[in-house]
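Quick note: numbers below take in every heavy atom, side chains included, and nothing from hydrogens, waters or symmetry partners. Bear in mind the structure is a predicted one, so any value in this text is a computation, not a measurement.
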Amino acid sequence: MSTPSDNEIIQSAIKLVNEGLRVTFPVKGYSMLPFIIGGKESVDLVKPENLQVGHVVLAWVEGCRYVVHRIIKIDGNLVVLMGDGNIAGVEHCLLSDVAALAVNVVTPAGKHHDLYAPWRIKASHLWWRLLPIRRWILAIYRRTILKIIY
């Protein structure tokens, strides 16, 4: 029996979300630091409804790959996304390409933390304003805090 590909796993998760189930989905990479630690934490995904700027979503972007990133702009049917851990570059998709809404961060210990708790919303707004200096903050974070907590 062969191991399923990443896209097959994602498609299965999307199918379950579309059936109304909540799916805990592992996140890879550092593109959502400091709010989601790829390779360590997961997100709970639900059916995407009432999408807004600031929401973290699983979306098919640029017609070629899935990402778990934050919505930074919605213009009609066009959605612009950017990872919190990115210092440049955005992705684009259509509203119909947003496959799921992330609602919680799930720690390795199995604790579920609300992605839209008031303090997280305020922190993500502040983090957006720090975009010009994110590079240095992220470098310090990866070399110090991330090593301490994991």
Problem - Working for side chain to side chain donor-acceptor pair (under 3.5 Å), residues Gln52 and Tyr116 - result: CA-CA 12 Å; Gln52 301 172 19; Tyr116 308 106; over 6 Å; no

### Message
As a quick check of understanding, evaluate salt bridge (Lys or Arg N to Asp or Glu O under 4.0 Å) for Asp84 and Arg134, giving each step before the final call.
### Response
CA-CA 9 Å; Asp84 292 337; Arg134 244 189 231 181; 5.3 Å; no

### Task
List the steps and the verdict of side-chain contact (heavy atoms from CB on, under 4.5 Å) for Val57 and Arg70.
CA-CA 6 Å; Val57 297; Arg70 191 175 303 275; over 6 Å; no

- Applying side-chain contact (heavy atoms from CB on, under 4.5 Å), run through His92 and Val79 and close with a yes or a no. CA-CA 6 Å; His92 300 88; Val79 178; over 6 Å; no

Stepwise side-chain contact (heavy atoms from CB on, under 4.5 Å) test for Val98 and Leu51: CA-CA 9 Å; Val98 176; Leu51 295 173; 3.6 Å; yes

Could you please spell out the steps behind the side chain to side chain donor-acceptor pair (under 3.5 Å) verdict for Ser31 and Asn86? CA-CA 6 Å; Ser31 69; Asn86 294 347; 4.8 Å; no

- Task: Check the pair His113, Thr107 against side chain to side chain donor-acceptor pair (under 3.5 Å), reporting the backbone distance first and the verdict last.
- Result: CA-CA 8 Å; His113 299 286; Thr107 68; 4.9 Å; no

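With a 4.5 Å cut-off on side-chain heavy atoms, Val27 and Ser42 do not count as touching. Side-chain contact check for Phe35 versus Ser124: some heavy-atom pair is nearer than 4.5 Å. Side-chain contact between Leu81 and Lys73 is absent, with no heavy-atom pair separated by less than 4.5 Å. Taking 4.5 Å as the limit, some side-chain heavy atom of Leu138 sits within range of a side-chain heavy atom of Leu33. Looking only at side-chain heavy atoms (C-beta outward), Ile72 and Trp128 come within less than 4.5 Å of each other. Looking at heavy atoms from C-beta onward, Leu115 lies out of side-chain contact with Val103 at the 4.5 angstrom threshold.
Pairing each heavy atom of Val56 with each of Val68, the nearest pair is CG1-CG1, 3.7 Å. In terms of heavy-atom proximity, Pro108 sits nearest to Glu41 at CD-CG, 4.2 Å. Contact detail for Ala102 and Val43: the closest heavy-atom pair is CB-CB, 4.0 Å. Residues Gly76 and Leu95 come closest through the heavy atom pair O-CD1, 3.5 Å. Of all heavy-atom pairs between Arg120 and Val105, the closest is NH1-CG2, 4.2 Å. In this structure, Lys47 and Val17 approach most closely via the heavy-atom pair N-CG1, 3.3 Å.
Atoms CD1 and CZ, from Ile140 and Arg135 in turn, are 13.0 Å apart once rounded to the nearest 0.5 Å. Atom CG of Leu94 and atom CH2 of Trp60 lie 13.0 Å apart (nearest 0.5 Å). Atom-to-atom distance recorded for Asp44:CG and Asn104:CG is 4.5 Å, nearest 0.5 angstrom. The distance from atom CD1 of Ile9 to atom CD1 of Ile14, rounded to the nearest 0.5 Å, is 12.0 Å. Between the OH atom in Tyr66 and the SG atom in Cys93 there is a gap of 10.5 Å [rounded to 0.5 Å].
Hydrophobic clustering of Ile, Leu, Val, Met, Phe, Trp and Tyr side chains at less than 4.5 Å, counting indirect connections, keeps Leu131 apart from Ile137. Tracing side-chain contacts under 4.5 Å through hydrophobic residues (I, L, V, M, F, W, Y), one reaches Val80 starting from Met82; they form part of the same cluster. Cluster annotation: Val90 and Trp127 are assigned to distinct hydrophobic clusters (Ile/Leu/Val/Met/Phe/Trp/Tyr, side-chain heavy-atom contacts under 4.5 Å, transitive). Hydrophobic clustering (side-chain heavy atoms under 4.5 Å, transitive across Ile, Leu, Val, Met, Phe, Trp, Tyr) keeps Val106 apart from Ile10. Leu130 and Ile87 fall within the same hydrophobic cluster, defined by Ile, Leu, Val, Met, Phe, Trp and Tyr side-chain heavy atoms under 4.5 Å apart, directly or through other members.
Within 6.0 Å of CZ on Phe25 lie more than 12 heavy atoms contributed by other residues, nucleotides or ligands.
Arg65 has a carboxylate O that lies under 4.0 Å from a charged side-chain N of Glu91, or vice versa, which qualifies the two as a salt bridge.
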